[in-house]
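What follows is one structure encoded as structure tokens, with my remarks underneath.
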Amino acid sequence: MNDQPGAGAELYELFPSVQHTYQRIAEWTGIDVQRIFEEERQPGQEHRQGIGAIRQAAAVLGIADVLAEEYGITLAAVCGLSFGALVGATLAGAVERQDLFTLLMRLREVPPPAADNGPQAVAMLRIPYDTATDDLLADVPGVYLSADLGKVGTGQERMVLLGGYRSALQEFGAGFPACALHVSDDHGAAFHSPLQQHISDFLEPTLEAMTFHDPRVPVHSCMERKALTTAEEIRDLFRRNPTAPVSVPHMIGGLEDGGTELGLVLGPAAFGTFQSAAFPVVHVESPDHVFEAMTAVYDFGIELPSTEAGVAQ
């Protein structure tokens, strides 16, 4: 996960705009700034249960504020994968920042799923690029596509994440060559699968109380190759996020369809995810990265005050 302690600390020390952002987040969550930076996830905690999600969102918003307020770089489109999609929609103004952090605090209270069918897990699998996952999983009960991470290696294969019951994943993996399917020991939740319906149900009252706006700039979906431009589309994104599979190719393809010239990956992220894009991408996580982003804007001749895309992961 991209939620390690210390994320965003260098920028916080340097920029008053970031300090202001974190102070507001501390007020909304009741978690002081130092704790946001330093608290580690406890053994057995999922990403949503610890402070990591709050730390990650704070870092992304703080960096966006530095770019906009200190250097005049605003975003002309946004996207994000999984949790990052929610932060991206917030960057686009479709969700109020306080509402986002209210939702993240509510996530910390999600009860565990019913254990009737055994523990859940996530597995990683490389498959031929043209393999249809619907066909691959058609007769496999308890195993679902969680994420398509796109091409790997020479481009003849792609990496997918599968979510399901641990026993079902292990049984499914037995049909592949040794080590082809790796069931993670670190994650006990079948992310982005129907097995997470209990999260959607738990969050529905919170989402119902939230106000969604038409985004100021397009939000490129990670669930289908589509630009989201209305409040109802953003509400649907939030509702489906726990249970619907996500796709890097959908997300990057949408940005390419929109004519993106430069992508900025904001905050702690698995930067390699975006290196298959047809447009150049700059990772912005530290003060040095802010300078690199400014340089890229000028090197590629992109007219300020807006770059072409922002990515939250």
Side-chain angles (χ1 to χ4, degrees), residues 1-3 7-8 21 47-48 52-65 67-68 74-97 99-101 103-104 107 146-150 161 191-192 203 207 210 212-213 215-229 231 233-258 260 262-277 279 281-285 293 307-313:
M1 289 293 180
N2 309 308
D3 61 0
T21 299
H47 177 62
R48 65 175 181 267
I54 292 169
R55 177 163 51 234
Q56 190 177 346
V60 172
L61 296 176
I63 292 164
D65 291 344
L67 293 175
T74 56
L75 306 173
V78 299
C79 67
L81 188 69
S82 185
F83 166 73
L86 311 185
V87 184
T90 306
L91 284 175
V95 174
E96 300 294 336
R97 291 186 177 192
D99 283 349
L100 173 68
F101 286 96
L103 181 69
L104 296 185
L107 267 171
S146 290
D148 180 354
L149 302 183
L161 298 182
F191 302 116
H192 300 295
L203 294 180
L207 294 177
M210 288 172 58
F212 291 84
H213 309 280
R216 291 189 296 267
V217 298
V219 176
H220 290 280
S221 175
C222 60
M223 297 177 189
E224 50 265 316
R225 191 161 174 165
K226 177 182 179 181
L228 310 180
T229 59
E233 288 175 326
I234 300 299
R235 185 188 297 274
D236 181 65
L237 171 72
F238 272 65
R239 281 184 165 143
R240 294 169 57 203
N241 193 273
T243 57
V246 297
S247 166
V248 170
H250 284 337
M251 183 177 68
I252 293 178
L255 289 172
E256 292 171 348
D257 293 344
T260 295
L262 173 67
L264 303 180
V265 180
L266 307 185
F271 179 60
T273 300
F274 304 96
Q275 291 182 326
S276 63
F279 49 86
V281 179
V282 177
H283 187 194
V284 187
E285 185 179 0
T307 62
E308 289 297 319
V311 179
Q313 187 186 28

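When a residue number appears, it is its place in the shown sequence, counting from 1.
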Heavy-atom closest contact ([X] atom, [Y] atom, distance):
X	Y	answer
Phe83	Leu104	CE1-CD2, 3.5 Å
Ala92	Val219	CB-CG2, 3.6 Å
Ala89	Leu237	CB-CD2, 4.4 Å
Ile234	Phe212	CG2-CD2, 3.7 Å
Pro218	Ala227	CB-CB, 4.2 Å
His283	Gly267	NE2-O, 2.8 Å

Problem set entry | Asp99: side-chain contact (heavy atoms from CB on, under 4.5 Å) partners, not counting sequence neighbours | Val95, Glu96, Met210
Find the distance between [atom1] ([X]) and [atom2] ([Y]) and round it off to the nearest 0.5 Å.
X	Y	atom1	atom2	result
Leu91	Leu86	CG	CG	11.5 Å
Leu100	Thr90	CG	OG1	4.0 Å
His250	Leu255	NE2	CG	13.5 Å
Leu149	Leu81	CG	CG	7.5 Å
Leu228	Asp236	CG	CG	8.0 Å
Arg240	Arg235	CZ	CZ	15.0 Å

Problem set entry | Partner of Leu67 under side-chain contact (heavy atoms from CB on, under 4.5 Å), chosen from Leu75, Leu266, Thr74 | Leu266
Seminar exercise, completed: Paired with Val281, the side-chain contact (heavy atoms from CB on, under 4.5 Å) test is passed by just one of Leu264, Leu262, Val265, namely Val265
For this session: Please list all pairs passing the salt bridge (Lys or Arg N to Asp or Glu O under 4.0 Å) test where one or both residues lie in residues 246-258, with sequence neighbours left out.
Result: Arg225-Asp257
For this session: Take Leu61 and Phe101 through the test side-chain contact (heavy atoms from CB on, under 4.5 Å) and record every step on the way to the result.
Result: CA-CA 12 Å; Leu61 296 176; Phe101 286 96; 3.6 Å; yes
For this session: For Arg216, enumerate each residue passing the salt bridge (charged side-chain N to carboxylate O under 4.0 Å, His left out) test, keeping only those at least two apart in sequence or located in another chain.
Result: none
Exercise. So do the side chains of Phe238 and Leu103 get within less than 4.5 Å of each other, counting heavy atoms only?
Worked result: yes
Exercise. Could you walk me through whether Met251 and Val246 pass the side-chain contact (heavy atoms from CB on, under 4.5 Å) check?
Worked result: CA-CA 9 Å; Met251 183 177 68; Val246 297; over 6 Å; no
Exercise. Between His192 (side chain) and Asn241 (backbone), is there a donor-acceptor pair under 3.5 Å?
Worked result: yes
Exercise. Is a donor on one side and an acceptor on the other found under 3.5 Å between the side chain of His220 and the backbone of Gly80?
Worked result: no
